[in-house]
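The next block holds one structure in the form of structure tokens; read it before the comments.
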Amino acid sequence: MSIDTEISEIFLKIANSLDILEDNPFKIRAYRNAARNISELTEDIKTIAERDDLTKIPGIGKDLADKVKEYITSGKLNYYEDLKKEIPEELVDLLAIQGLGPKMLSKLFKEYHVTNLEELETALNGEDILKIHGMGKKKIEDLRRGIVIFKESKQRVNLGIALPLAEEIIREINRIHGTEGTIYAGSLRRMKETVGDIDILTIADNGKQVIEEFTKMSSVKDVLASGDTKGSIISRNGIQVDLRVVGPGSYGAALQYFTGSQAHNVKIRTIGVKKGLKINEYGLFRGDKTIAGETEKDVYYKLGLPLIPPEIREDRGEIEAAIEGKLPNLVESNDIKGDLHVHTNWSDGTSSIEDMARKAKKLGYEYIAITDHSPSSRIANGLSIERLYEKREELESVRKKVRGIQILMGSEVDILSDGTLDYPDSVLKDLDVVIASVHIGFKMERAKMTRRIMKALTNPFVNFLAHPTGRLIGERDPYEVDLDDIFETAKKYGKAVEVNSHYLRLDLKDINVKRAIDKGTDIVISTDSHHPDHLHQMKLGVATARRGWAEKKNIINTKRFKGLSNWLNGFSS
DNA sequence: GCCGTTTTCGGCCCGACTGTTTTCAGTCG
């Protein structure tokens with residue numbers, strides 16, 4: 001775990017502990033804010049501390065800066081060590097149980113000496129638990145159900161899984177009489193790499209009835225709440241889905257509100273308050289008078305702001321940029337002119353060169369690069385030099401059959417442990433596109449891994465670095481590497497770094513995209529497809545790039561073929 | 001505990017749903 005993550009998690013635990021101790025709510029929020037801002041830093045926190053710039057991080061004042069310094073130098077935080085003596089860590093973790101908040105947990109701790117999950121379950125089975133103010137039979141049942149979900153440790157769901165599921169549920173909701181404009185909101189609309197639940201918004205004037213039918217849909221396993229405007233269910237695949245029903249006049253305000261993020265909305269509301277306006281999910285109001293609500297654009301506009309794209313509503317400077325008229329003009333899916341990272345049945349893909357090329361053409365692309373693995377990737381059936389040249393022959397015959405799209409001969413070449421590449425330069429020079437990537441030797445120490453990749457980037461035939469950190473979301477941590485050095489080397493030698501669109505990778509991730517762009521490093525968004533249907537995943541990569549504030553000009557494969565060709569050959573265009 | 005074209009002190013976003021409430025507190029997003 002990186003030190004940023006460690007500090008961020010400790011601040012969160014402090015916030016939760018203080019919550020149970022019923023400390024000042026704004027102090028608690030300060031800790032949560034600081035935790036979030038630290039987890040989203042695009043620069044190493046140690047470097048920031050060395051420059052004595054910690055208080056320049058939003059939400060970090062003198063006190064928290066001192067705490068960060070203490071943790072960096074000593075590896076622990078005395079304040080938190082003391083807090084743990086007062087409130088057991090295991091107890092604080094129980095806040096993740098649905099329906100169990102700080103107030104009730106505090107009572108259970110003080111009056112029933114509950115300090116962990118086992119003791120909580122015992123207490124719930126006891127007779128006198130009902131004596132606690134606010135505890136009834138229904139509440140006990142709710143908590144038991146919450147514990148079951150907690151034990152299944154409800155994982156966050158990958159974007160690539162949640163998105164098609166949300167689309168399916170939306171189709172189901174659209175079949176309910178009287179609904180229109182059904183759309184997903186929340187972190188899904190912001191295209192976060194993982195989502196905790198699925199938020200859906202629909203327009204209807206018979207809210208109660210719509211919610212009732214929603215809770216009876218075939219995909220529902222469990223109903224958590226069902227009211228006049230809001231319903232909440234657990235779907236059969238274990239994902240929580242919340243539906244909100246609003247009238248047409250409130251659609252924009254509700255969409256803005258339910259899209260979040262929470263931090264973004266808090267700041268937006270503060271702007272409203274300063275202008276004497278009130279903003280909630282029903283609209284923007286001056287006194288009793290409605291000023292906006294029908295469209296999201298209007299809500300922002302009446303606050304004196306341009307429409308801010310959902311993907312960057314994370315309170316990472318987008319509101320300040322909007323005020324100054326400096327919002328980025330984010331790259332769009334339509335800007336993408338081709339896919340530069342695609343596998344076929346020559347290595348570990350499932351389809352032929354022709355199938356992949358035809359699908360790419362159907363998507364309207366100008367070019368596609370066929371980039372199978374190199375020999376070291378044995379499991380992936382990497383191509384020997386002989387097979388590489390055989391493949392080239394097939395590719396050339398496909399070029400004659402499939403017209404109207406440029407089919408580029410490429411390879412995803414392994415970076416070996418010493419930083420050399422898996423084919424000799426004499427072979428690399430014959431390829432149109434050379435991708436360098438790490439598939440073996442993940443456990444290398446940071447400095448060595450950084451040197452290894454930097455060396456590969458100095459090879460004159462390499463065009464870009466694929467999945468630069470090697471992470472698999474929820475499965476494998478990124479390898480240790482100094483990304484700033486990688487980005488600087490890439491820029492110096494005219495190479496790009498990839499945003500890999502595979503839903504498990506999304507690598508680079510959003511904040512690292514921003515980091516690369518801030519350094520002026522070019523980016524390629526590609527799919528790493530192993531089947532024609534995977535080419536559609538480009539939208540996930542584009543969304544990730546958008547979350548990293550990427551503009552069309554930052555993305556190499558928004559170039560037309562001629563421009564791309566110049567870039568591949570080392571000419572600036 | 002942070003922060004300042006209201007402020008170095010006094011603010012700090014807003015509403016729905018639920019259960020145990022008899023007028024509301026707790027939880028959630």
Side-chain angles (χ1 to χ4, degrees), chain A residues 11 14-15 18-20 22-37 54-68 79 94-108 130-143 145-146 185-188 190 195-201 207-208 211 215 223-233 240-246 250 253-254 256-285 303-304 315 323:
Chain A
F11 280 3
I14 290 174
L18 295 175
D19 220 345
I20 296 169
E22 295 182 66
D23 208 315
N24 175 359
F26 299 105
K27 177 174 164 185
I28 296 167
R29 183 197 284 178
Y31 272 99
R32 295 219 165 96
N33 253 332
R36 187 178 54 82
N37 287 320
L54 287 171
T55 52
K56 286 188 184 159
I57 300 170
I60 305 280
K62 188 182 175 311
D63 182 89
L64 291 183
D66 285 343
K67 287 193 166 72
V68 169
Y79 177 59
L94 299 182
L95 274 180
I97 295 172
Q98 272 200 19
L100 186 58
K103 298 276 163 46
M104 183 57 77
L105 200 51
S106 173
K107 283 181 199 164
L108 287 163
L130 285 165
K131 286 181 197 154
I132 296 185
H133 191 74
M135 182 70 82
K137 284 190 172 148
K138 195 77 181 27
K139 188 78 193 168
I140 292 175
E141 282 317 303
D142 277 358
L143 290 180
R145 186 167 58 175
S187 50
L188 192 60
R190 302 200 313 280
V195 302
D197 58 17
I198 295 174
D199 289 303
I200 296 176
L201 182 68
K208 196 177 178 64
I211 296 291
T215 59
V223 181
L224 298 176
S226 172
D228 293 345
T229 63
K230 179 184 161 180
S232 188
I233 60 112
Q240 181 172 332
V241 183
D242 296 342
L243 175 66
R244 333 266 177 154
V245 184
V246 297
S250 300
Q256 195 286 324
Y257 178 70
F258 292 125
T259 296
S261 65
Q262 199 180 2
H264 175 90
N265 283 355
V266 166
K267 203 167 262 187
I268 288 290
R269 273 158 201 255
T270 309
I271 290 176
V273 169
K274 282 180 187 159
K275 290 181 189 287
L277 303 170
K278 192 176 81 162
I279 174 170
N280 58 29
E281 55 261 58
Y282 299 107
L284 185 62
F285 305 92
L303 286 168
D315 188 24
I323 291 168

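Here is how names work: the chains are called A, B, and so on, in the same order as the sequence lines, proteins then strands, and each is numbered from 1.
- One finds a side-chain N or O of A/Thr229 lying less than 4.0 angstrom from the OP1 or OP2 phosphate oxygen of B/dC17.
- For the P atoms, the distance from B/dT7 to B/dG11 is 13 Å, rounded to whole Å.
- Across the P atoms, B/dG26 and B/dT22 are found 14 Å apart, a figure rounded to whole Å.
- By the salt bridge (charged side-chain N to carboxylate O under 4.0 Å, His left out) test, A/Glu141 pairs with A/Arg144, sequence neighbours left out.
- Within 4.0 Å of A/Asn265, counting heavy atoms only, lies no atom of the nucleic acid at all.
- Taking atom CG of residue A/Leu201 and atom C1' of nucleotide B/dG15, one finds them 15 Å apart after rounding to whole Å.
- Side chains of A/Arg36 and A/Asn33 form a contact here, defined as non-hydrogen atoms less than 4.5 Å apart.
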ask   = Does the pair A/Ser250 and A/Glu281 meet the rule for a side chain to side chain donor-acceptor pair (under 3.5 Å), with working shown?
value = CA-CA 7 Å; A/Ser250 300; A/Glu281 55 261 58; over 6 Å; no
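- If you check B/dG29, B/dA16, B/dC17 against the side chain of A/Tyr282, the one that comes closest is B/dA16.
- Ranked by how close their nearest DNA chain B nucleotide is to the 5' end, A/Tyr257 and A/Ile60 are led by A/Ile60.
- Here the separation of B/dC9 from B/dC14, taken at their P atoms, is 26 Å to the nearest Å.
- Residue A/Arg29 is classed as a base contact, given a heavy-atom separation below 4.0 Å to a base.
- A straight line from CZ of A/Arg32 to P of B/dC12 spans 19 Å, rounded to a whole angstrom.
- Taking atom C1' on both B/dA25 and B/dT21, the two are 8 Å apart, rounded to the nearest angstrom.
- Annotation: B/dT27 and B/dT20 have their C1' atoms spaced 14 Å apart (nearest Å).
- Of all non-hydrogen atoms in A/Phe258 and A/Ala185, the two that sit nearest each other are O-CB, 3.6 Å.
- To the nearest angstrom, P of B/dC13 lies 17 Å from NZ of A/Lys275.
- Partner of A/Met135 under the side-chain contact (heavy atoms from CB on, under 4.5 Å) criterion, out of A/Lys131, A/Lys137, A/His133, A/Lys139: A/Lys139 alone.
- Looking at A/Val245 and A/Ile211, their side chains come closer than 4.5 Å, going by heavy atoms from C-beta outward.
- Residue A/Leu54 contributes atom CG, which lies 12 Å from atom P of B/dC2 at whole-angstrom precision.
- Nearest-nucleotide mapping onto DNA chain B: of A/Asp242 and A/Pro58, the residue sitting toward the 5' end is A/Pro58.
- Listed by chain and number, the residues in a side chain to side chain donor-acceptor pair (under 3.5 Å) with A/Asn265 are A/Gln256 (sequence neighbours excluded).
- In this structure, A/Glu281 reaches the sugar-phosphate backbone alone: every heavy-atom distance under 4.0 Å involves primed, P, OP1 or OP2 atoms, never a base.
- Checking B/dC14, B/dG29, B/dA16 against every side-chain atom of A/Arg269, the shortest atom distance belongs to B/dC14.
- Among all heavy-atom pairs drawn from A/Ala253 and A/Tyr282, the shortest one is CB-C, 3.8 Å.
- Distance noted for atom P between B/dC13 and B/dC17: 23 Å (whole Å).
- Within the 3.5 Å criterion, the main-chain N or O of A/Val266 finds a donor-acceptor partner in the side chain of A/Thr270.
- Phosphate contact (OP1/OP2 of B/dG15, side-chain N/O of A/Lys278, threshold under 4.0 Å): present.
- Look at CZ on A/Phe26: it is 15 Å from C1' on B/dC9, rounded to the nearest Å.
- At whole-Å resolution of the value, CG in A/Asn280 and P in B/dA16 are 8 Å apart.
- Here B/dC28 presents its C1' atom at 12 Å from CG of A/Asp19, a figure rounded to the nearest Å.
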note = B/S/- along nucleotides 18-27 of chain B (protein heavy atoms under 4.0 Å) is SSS-----SS
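- No hydrogens or angles were tested; on distance alone, nothing pairs the side chain of A/Asn33 with the base of B/dG1 as donor and acceptor under 3.5 Å.
- Note on A/Ile279: only backbone sugar-phosphate atoms sit closer than 4.0 angstrom, heavy atoms only; bases stay farther off.
- Rounding to whole angstrom units, CG of residue A/Asp199 and P of B/dA16 are separated by 16 Å.
- When both pairing distances are held under 3.5 Å, B/dT8 makes no Watson-Crick or G-U pair with any nucleotide shown.
- Nucleotides B/dC12 and B/dT8 place their P atoms 16 Å apart, quoted to the nearest Å.
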